[in-house]
Protein chains: 2
Amino acid sequence: MKLQLQITMNEALFLRNPESSELGKNILKHSVQLIYKTGFEAFTFKKLAEDIGTTEAGIYRYFENKHKLLVYLTAWYWGWLEFQISYHTNNINDPTIKLKRVIKLLATAVQDDEQTSHINEKLLHQIIIAEGSKAYLTKQVGADNKQHFFKPYKDLCAVIGAIVSECSPKYKYPKSLASTIIEMAHFQNFFMNHLPSLTDFGNTKEETEIIAFLNDLVFTSLEKS
Amino acid sequence: MKLQLQITMNEALFLRNPESSELGKNILKHSVQLIYKTGFEAFTFKKLAEDIGTTEAGIYRYFENKHKLLVYLTAWYWGWLEFQISYHTNNINDPTIKLKRVIKLLATAVQDDEQTSHINEKLLHQIIIAEGSKAYLTKQVGADNKQHFFKPYKDLCAVIGAIVSECSPKYKYPKSLASTIIEMAHFQNFFMNHLPSLTDFGNTKEETEIIAFLNDLVFTSLEKS
DNA sequence: TATTTATGATAGTAATACTACCATTTAGAA
DNA sequence: TTCTAAATGGTAGTATTACTATCATAAATA
């Protein structure tokens, strides 16, 4: 049996649903590869079209511009990650163990998930680390937010914040701690690999060290309160 | 008496030193205003030239491209902030008080500093919040790093990391905690203002709450170890 | 079989990100 | 003071980017 995981996306993110056709799926697949390879700044619809073997106009029928495509990919990732979290923390009662799993999932390089054939989660994870915050660090953040483009990110943050509160009902900053965990899981990874002197993991470059740091940071805060 | 604070900049960041001429100073001054107003993506040298009343070619004599200008501005800001920190923590012996001052300086909206007439620090602080990470979240981060473009950021991080270690010599992650403090002072501010459900400060939107959160996060970690 | 719908192919435009060149003004050295 | 070099102003031009529009064809569907 092979289950197909479908993540429901905000329809305002695309002009035509990329999951609904071969070309659309190719756009998702190749955009992940190309953004990973060139970085978001150098990424253009023209290069993407050449990569796929279609034309620029073909891409524009699916996405208005590359910013919307990036927001789509990040939203997809957060949706996917929330599912991963719900799957891997299912049936666990101890919120401390749950939160540890969450931290591990956030900070660990992902395996390419067979369930979603056209998107390479491992590459997408790297894209989120290096480009993810560009999805909201824009002048349009307010307008995009009104259209609920960041709902998957907020939902994930709310889920993690709820686990934090389960661990420690009196802790005063569950949501800020949740967004800190998410962002730092990624930033410390980027720093470790590119600006190692900003971290304490420059020698080993091991993800496990980031996990240990975040666990230490989070659980001393929660134990105290 | 009016002292002029000069921040020494990496010469590879510019083609001609913008501090050395009126046009150069105008480029710095107006780029801060224009990036603040339009955001970095929509910011172009053409618009900047029109703003100043010069031509595109004039700007290109000082900066190779807008990325280098952004890196210049961020580097300037980190250098300036390191001076602020050293000034405001001077003669304080208790490292805990020092670290609290640092957190406050990082998280507080700055006053425009009279000592540096052509750069508006208050606007620049806002630019750092919204655009600062774009200086290093690029494919060229390795090449830029080799040219020491991020040295002021690293120096600042090292200074803060040293204070952390003073507070708690056994704490295992002083540098990662320092970069976490810096990034979160800015990200929580951005979230509070634009995606408030990612924080616990959405109601009041007060910087003092970010400071309280960071103090709680940092000092429970340090007390414990 | 008729008819939508998706795609392919081509063209065109405005803006961006530069580079090059020349004329003029300004500032410093002789 | 004059000469010279440096800084600036102004204009042009190019390749690329970020789109929009149009038309033909192929594939799916009714």
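Because the structure is predicted, anything quoted here is derived from the model rather than measured. Just so it is clear: chains get the letters A, B, ... in the order the sequence lines come, proteins before strands, and each one is counted from 1.
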*Given C:dA6, is OP1 or OP2 found less than 4.0 Å from the side-chain N or O atoms of A:R16?*
yes
*Taking DNA chain C as the partner, which of residues 42-52 of chain A come within under 4.0 angstrom of it by heavy atom?*
none
*Which part of the nucleic acid does A:E56 contact within heavy-atom distance under 4.0 Å: base, sugar-phosphate only, or nothing?*
base
_Taking only side-chain N and O atoms of A:Y62, does any of them lie within less than 4.0 angstrom of OP1 or OP2 on C:dA6?_
no
*Name every residue in residues 19-26 of chain B that has at least one heavy atom under 4.0 Å from any atom of DNA chain D, in order of residue number, or write none if there are no such residues.*
B:S21, B:L23
*Do B:Y72 and B:F149 make the cut of ring centroids closer than 6.0 angstrom?*
no
*Just compare C:dG8, D:dT11, C:dC22 and give me whichever is closest to any side-chain atom of B:R61.*
C:dC22
_Can you measure A:I59 atom CD1 to C:dA6 atom C1' for me and round it to whole angstrom units?_
14 Å
*Between OH on residue A:Y77 and CD1 on residue A:I119, distance to nearest 0.5 Å*: 12.0 Å
*asked:* Please report the distance, rounded to the nearest Å, between OH in B:Y60 and C1' in D:dT11.
replied: 16 Å
*Would you confirm whether B:T54, through its side chain, and B:A49, through its main-chain N or O, come within 3.5 Å as a donor-acceptor pair?*
no
*Side-chain N or O of A:T54 less than 4.0 angstrom from OP1 or OP2 on C:dT7?*
no
*May I ask you to establish whether B:K66 and B:F40 are in a cation-pi arrangement, using a distance under 6.0 Å from NZ or CZ to the six-membered ring centre and at most 45° from the ring axis?*
yes
